[in-house]
**Student:** 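Below is a structure I'd like to ask you about.
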Amino acid sequence: MIDFQGYGWRLLGGAALTAELALLSLVLALVIGLVVASVKLSRSRVLRGLALLYTTVIRGVPDLVMMMLLFYGGQIGVNVAMDQVNAWLGTDIFVNVNAFVAGVITLGVIYGAYMSETFRGAFLAVDAGQMEAARAYGMSGWLAFRRVRFPLMMRHALPGINNNWMVLLKATALVSIIGLSDMVRIADQATKATHQPFLFMVPVGMGYLAITSVSELFVGWLRRRYDAGFNTSKKGV
């Protein structure tokens with residue numbers, strides 16, 4: 001194994017943290033994206049307005065600024081809440097926001113906004129006649145959504161989800177600003193100590209490229225599986 005002048009294990013640790021952060025943030029972003037997309041398609045003007053405000057703010061503010069605002073704002077909010085609790089209970093408890101948890105939540109909130117647009121477009125791309133046909137076969141509203149509309153929607157959404165995932169993965173490098181030692185931060189520290197940027201930054205770049213390339217292959221395989229399933233269904237019909 002290449003020692004990387006003593007930084008090898010630290011780089012591997014940073015890579016593991018980056019992967020864990022990206023995957024957890026992706027799960028949160030998918031959940032937020034689905035919820036917000038559903039709200040945008042709801043009949044409530046108030047809810048639609050709130051969802052629009054959320055996506056407008058997130059998409060209009062740079063990710064780096066949003067990362068700092070949510071992290072430090074969250075810390076201030078927790079401190080204010082704890083002050084109230086301490087005054088009520090007569091205690092002196094101080095809660096320090098965990099940087100990893102803050103990173104996951106921040107990236108999830110940011111990319112949940114982008115995912116919501118992907119899901120909203122995919123929902124609108126589903127032909128309304130598909131749901132009407134499902135209801136005509138006697139399916140309940142929930143069953144028709146689960147077996148017909150959601151799979152069709154996911155087929156349209158997959159390319160957008162994959163694109164957002166790639167951007168999210170690269171955005172994990174922003175967590176160094178809140179003190180997390182991801183692989184970019186470790187490589188930066190090693191570069192400053194050894195003055196050999198290519199020795200560390202090239203492998204880091206190749207690591208990101210490898211993950212995004214595997215993602216492309218996985219999404220391509222998933223789309224082929226979806227297409228095969230739909231073609232089989234059509235033949236059955």
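Side chains included, hydrogens not; waters and symmetry mates left out as well; all remaining heavy atoms used.
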**Student:** When you measure from the side chain of R185 to the backbone N and O of A173, does any donor-acceptor pair fall under 3.5 Å?
**Tutor:** no
**Student:** Quick check: do L169 and L26 have side-chain heavy atoms less than 4.5 Å from each other?
**Tutor:** no
**Student:** Under 4.5 Å between any side-chain heavy atoms of S25 and L168, yes or no?
**Tutor:** yes
**Student:** To the nearest 0.5 Å, how far apart are CD in E216 and CD1 in I211?
**Tutor:** 13.5 Å
**Student:** For a 4.5 angstrom cut-off between non-hydrogen side-chain atoms, does M67 reach V175?
**Tutor:** yes
**Student:** Test side-chain hydrogen bond (donor to acceptor under 3.5 Å, both in side chains) on K40 and T55 and set out the steps.
**Tutor:** CA-CA 10 Å; K40 283 184 174 179; T55 52; 3.3 Å; yes
**Student:** With rounding to the nearest 0.5 angstrom, report the CG to OG1 distance, N163 to T212.
**Tutor:** 11.0 Å
**Student:** Kindly indicate whether the side chain of L143, heavy atoms from C-beta on, has any atom under 4.5 Å from the side chain of R146.
**Tutor:** yes
**Student:** Which label fits F150 and F145: parallel for a plane angle under 30°, tilted from 30 to 60°, or perpendicular past 60°?
**Tutor:** tilted
**Student:** Is the closest side-chain heavy-atom distance between V39 and L50 below 4.5 Å?
**Tutor:** no
**Student:** Between V109 and I105, is there a side-chain heavy-atom distance shorter than 4.5 Å?
**Tutor:** yes
**Student:** Check the hydrophobic clustering (I, L, V, M, F, W, Y; side-chain heavy atoms under 4.5 Å; chains of links allowed) and say if V31 and W165 are grouped together.
**Tutor:** no
**Student:** Going by heavy atoms in the side chains, are V184 and Y208 under 4.5 Å from each other?
**Tutor:** yes
**Student:** Please check: side-chain N/O of R48 versus main-chain N/O of S42, any donor-acceptor pairing under 3.5 Å?
**Tutor:** yes
**Student:** Is there a path of hydrophobic side-chain contacts, each under 4.5 Å between heavy atoms of I/L/V/M/F/W/Y residues, joining V57 to V46?
**Tutor:** no
**Student:** Under 3.5 Å, is there a donor-acceptor pair linking the side chains of D63 and Y111?
**Tutor:** yes
**Student:** Please determine whether side chain to side chain contact (heavy atoms under 4.5 Å, CB included) holds for the pair L34 and M153, giving the CA-CA distance in whole Å, both sets of side-chain angles, and the decisive distance to 0.1 Å.
**Tutor:** CA-CA 11 Å; L34 270 173; M153 182 279 294; 4.0 Å; yes
**Student:** Measure the spacing between OH of Y114 and CG of N164 and express it to the nearest 0.5 Å.
**Tutor:** 9.0 Å
**Student:** Return the CG to OG1 distance between N162 and T118, rounded to the nearest 0.5 Å.
**Tutor:** 10.5 Å
**Student:** Keeping R10 on the side-chain end and S181 on the backbone end, is there a donor-acceptor pair under 3.5 Å?
**Tutor:** no
**Student:** How far does CZ of F123 sit from CE of M154, to the nearest 0.5 angstrom?
**Tutor:** 9.5 Å
**Student:** Stepwise, does the side chain to side chain contact (heavy atoms under 4.5 Å, CB included) test hold for T191 with Q196?
**Tutor:** CA-CA 5 Å; T191 296; Q196 296 186 62; over 6 Å; no
**Student:** Starting from the C-alpha separation in whole Å, work towards a yes-or-no answer on side chain to side chain contact (heavy atoms under 4.5 Å, CB included) for N96 and V78.
**Tutor:** CA-CA 8 Å; N96 194 18; V78 169; over 6 Å; no
**Student:** What about L23 and L209, same hydrophobic cluster or not, with Ile/Leu/Val/Met/Phe/Trp/Tyr joined at side-chain heavy-atom distances under 4.5 Å?
**Tutor:** no
**Student:** Mind checking whether M68 and I76 sit in one hydrophobic cluster, side chains of I, L, V, M, F, W, Y counted as touching below 4.5 Å?
**Tutor:** no
**Student:** Kindly indicate whether the side chain of F200, heavy atoms from C-beta on, has any atom under 4.5 Å from the side chain of T194.
**Tutor:** yes
**Student:** If we count only N and O atoms by modelled type, under 3.5 Å, do the side chains of D182 and T172 hold a donor and an acceptor together?
**Tutor:** no
**Student:** Indicate if M115 and L222 have the same hydrophobic cluster label, given that clusters are the connected sets of ILVMFWY residues with side-chain heavy-atom separations under 4.5 angstrom.
**Tutor:** yes
